[in-house]
Visitor: 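I'd like to ask you about the structure that follows.
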Protein chains: 2
Amino acid sequence: MLFHFKDKFPQLTPYWDKYREFQKRVEVGAKTVLLEEGKVSGHYIFIEKGCVRMGFNNNGIDKTVQFFFENEGLTSFESFLKNTPSLFTIETIEPSVVYLLPKIHVNNLMAELSHDPGFTNLILEVSAERQLHYMHEFVSFIRDTPEQRYQNLLNTRPHIIQRIPQHYIASYLGISRVHLSRIKSALAKKK
Amino acid sequence: MLFHFKDKFPQLTPYWDKYREFQKRVEVGAKTVLLEEGKVSGHYIFIEKGCVRMGFNNNGIDKTVQFFFENEGLTSFESFLKNTPSLFTIETIEPSVVYLLPKIHVNNLMAELSHDPGFTNLILEVSAERQLHYMHEFVSFIRDTPEQRYQNLLNTRPHIIQRIPQHYIASYLGISRVHLSRIKSALAKKK
DNA sequence: TGGCGACGATAACATATGTTACCGAATGTT
DNA sequence: AACATTCGGTAACATATGTTATCGTCGCCA
């Protein structure tokens, strides 16, 4: 639905701003849970300041699937869409300022604008981008070694490596934190 | 766009049937390339009989990312959407009967129906399902061991294991064909 | 019908990756 | 200042996985 947008889809901003009055601004500390795994997602979240991760607990081991930063929005999509228990926890990494928009208003926004072809096309575009994003992640696991995946991250999204604690990145790459550390030191030697 | 549908989204069929006259029916043998990696996708493909894989060549090693069967449709989505060189090859596995619908008609269909809210909602639903599909694949790589991924496949999509040659499945699971063979024999012992 | 190629199993060995444990630096809290 | 917590590096060892090679079966086709 309305995933990342401010920077990537600035055309969405006017639609979004119509609903600004219903958004609740919250300031929270680091490691604050915004949505707990198993609960039904009731809000769309927009990040003004800070960063957030989406992850889950697998047999006591914490896994991370995605990171979000300033001017990005997110929700636990499947849960939000289908009113099912969320597969993921959403949790701040740094102290953050976020806006919460209750689901009702998102639904209103979608309903109200379903006859606006410009808006509809935008939503389709955003949806296609989300699909491609996850597809690329998936293909990368088939195609690349963990070391290559780390280098891709370094090349295409260095802010993640700069801002995010290493153990979260390791699980995002599908490897142990020890192995990520080894990869980094191997790369350092190569240069 | 219009990905899998006949079985999963039967409501789409009437829309689709309007364009039946523009579809070209083709019968092809096994291992026939329907779209070559690097070329721009110009057709939407619907499978009447047989099965098809989507994959790519990585340093001389063939990788597979998805399988398609009867009553499913596909295209190299990103290439089709953006007129860019396809990242993937589309190739039959078995002798197959497919229908090809040139892109122009797909675009007409989309344009013609953009004011039909029922159709628009269907497309959004299909798009959301595609997003969730790839997300689940991606999450599975972070969460599961190759053995678990094989078992998931066995439990949820056994037809893939029955119909598809093992080396394609191995690359789809992100492992070597030798290792897949080991996994199978380990599972056989457990029982 | 004979040969050839595709397919799957398996063994032996090499390499990649996980696990556990320990250390030290940095930071926040009392 | 003392302390706990988080974080990242590294070593030693265990396990998972890849690579290469060999073999047997099967189906296709010249």
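By convention in this document, chain letters (A, B, ...) are assigned in the order of the sequence lines, proteins followed by strands, and residues within each chain are numbered from 1.
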Visitor: Report the end-to-end axis angle of the helix from C:dT1-D:dA30 to C:dT30-D:dA1; each axis comes from five terminal pairs, and the value is rounded to 10°.
Guide: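 Comparing the axis at each end, I get an angle of 30°.
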Visitor: Establish, from distance only, whether the side-chain atoms of A:Ser127 and B:Ser127 form a donor-acceptor pair under 3.5 Å.
Guide: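 The criterion, which ignores hydrogens and geometry beyond distance, is satisfied for B:Ser127 and A:Ser127.
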Visitor: Starting at the 5' end of DNA chain D and moving along, which residue's nearest nucleotide shows up first, B:Arg177 or B:Leu180?
Guide: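 On the 5' side of the pair lies B:Leu180.
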Visitor: Can you sort out the partners of B:Arg163 under side-chain hydrogen bond (donor to acceptor under 3.5 Å, both in side chains), two or more places apart, ordered by chain and number?
Guide: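 B:Glu70, B:Glu94.
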Visitor: Between residues 162-172 of chain B and DNA chain C, which residues have a heavy-atom gap below 4.0 Å?
Guide: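 When residues 162-172 of chain B is checked for heavy atoms under 4.0 Å from DNA chain C, the hits, listed by number, are B:Pro165, B:Gln166, B:His167.
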Visitor: By side-chain hydrogen bond (donor to acceptor under 3.5 Å, both in side chains), which residues pair with A:Thr120, not counting sequence neighbours?
Guide: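 Scan of A:Thr120 (side-chain hydrogen bond (donor to acceptor under 3.5 Å, both in side chains), adjacent residues dropped) gives none.
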Visitor: Considering only nitrogen or oxygen atoms on both sides, find all protein atoms under 3.5 Å from nucleotides 26-30 of chain D and state each distance.
Guide:
none

Visitor: What residues form a side-chain hydrogen bond (donor to acceptor under 3.5 Å, both in side chains) with A:Thr64, not counting sequence neighbours?
Guide: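 Expected list: A:Arg53.
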Visitor: For chain B and DNA chain C, what are the first and last nucleotides along the strand, 5' to 3', with at least one atom under 4.0 angstrom from a heavy atom of the protein chain?
Guide: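 Both ends considered, the range comes out as C:dC7 to C:dA12.
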Visitor: Quick one: list whatever passes ring-ring contact (aromatic ring centres under 6.0 Å, His included) with B:Phe141, sequence neighbours left out.
Guide: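 Listed in chain order: A:Phe141.
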Visitor: Verify whether one side chain among A:Ser86 and A:Ser76 offers a donor that lies under 3.5 Å from an acceptor in the other.
Guide: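 Per modelled atom types, A:Ser86 and A:Ser76 side chains form a pair under 3.5 Å.
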Visitor: Test side chain to side chain contact (heavy atoms under 4.5 Å, CB included) on A:Phe46 and A:Leu101; report intermediate values, then the result.
Guide: CA-CA 8 Å; A:Phe46 178 80; A:Leu101 179 59; over 6 Å; no
Visitor: Take the protein atom CZ of B:Arg182 and the nucleotide atom P of D:dT19, then report the distance between them rounded to whole Å.
Guide: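 Rounded to whole Å, this separation is 11 Å.
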Visitor: Classify A:Gly174 by what it touches in the nucleic acid, base, sugar-phosphate, or nothing, heavy-atom distance under 4.0 Å.
Guide: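 Counting heavy atoms under 4.0 Å across all strands, the contact made by A:Gly174 is with sugar-phosphate only.
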Visitor: Begin with the C-alpha distance, continue with both residues' side-chain angles, and end with the deciding distance and a verdict on salt bridge (charged side-chain N to carboxylate O under 4.0 Å, His left out) for B:Glu129 and A:Lys82.
Guide: CA-CA 11 Å; B:Glu129 282 309 313; A:Lys82 305 180 176 176; 3.2 Å; yes
Visitor: Looking at residues at least two apart in the chain, or sitting in another chain, which of them share a side chain to side chain contact (heavy atoms under 4.5 Å, CB included) with A:Ser140?
Guide: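 By the side chain to side chain contact (heavy atoms under 4.5 Å, CB included) rule, A:Ser140 matches A:Arg143, A:Asp144, A:Arg149, A:Asn152.
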Visitor: What residues form a ring-ring contact (aromatic ring centres under 6.0 Å, His included) with B:Tyr168, not counting sequence neighbours?
Guide: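 ring-ring contact (aromatic ring centres under 6.0 Å, His included) check on B:Tyr168 returns nothing, list empty.
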Visitor: Please compare B:Lys184 and A:Ile183 by the position of their nearest nucleotide in DNA chain C and report the one closer to 5'.
Guide: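 Going by which nucleotide is closer to the 5' end, it is B:Lys184.
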Visitor: Could you pull out all residues at least two apart from A:Tyr19 that satisfy ring-ring contact (aromatic ring centres under 6.0 Å, His included)?
Guide: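 Scan of A:Tyr19 (ring-ring contact (aromatic ring centres under 6.0 Å, His included), adjacent residues dropped) gives A:Phe22.
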Visitor: Could you work out, with ring-ring contact (aromatic ring centres under 6.0 Å, His included) as the rule, every residue matching B:Tyr150, not counting sequence neighbours?
Guide: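 Per chain and number, B:Tyr150 pairs via ring-ring contact (aromatic ring centres under 6.0 Å, His included) with no residue.
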Visitor: Suppose we call two aromatic rings close when their centres sit under 6.0 Å apart. Are B:Phe80 and B:Tyr44 close by that rule?
Guide: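 That pair fails the under 6.0 Å test.
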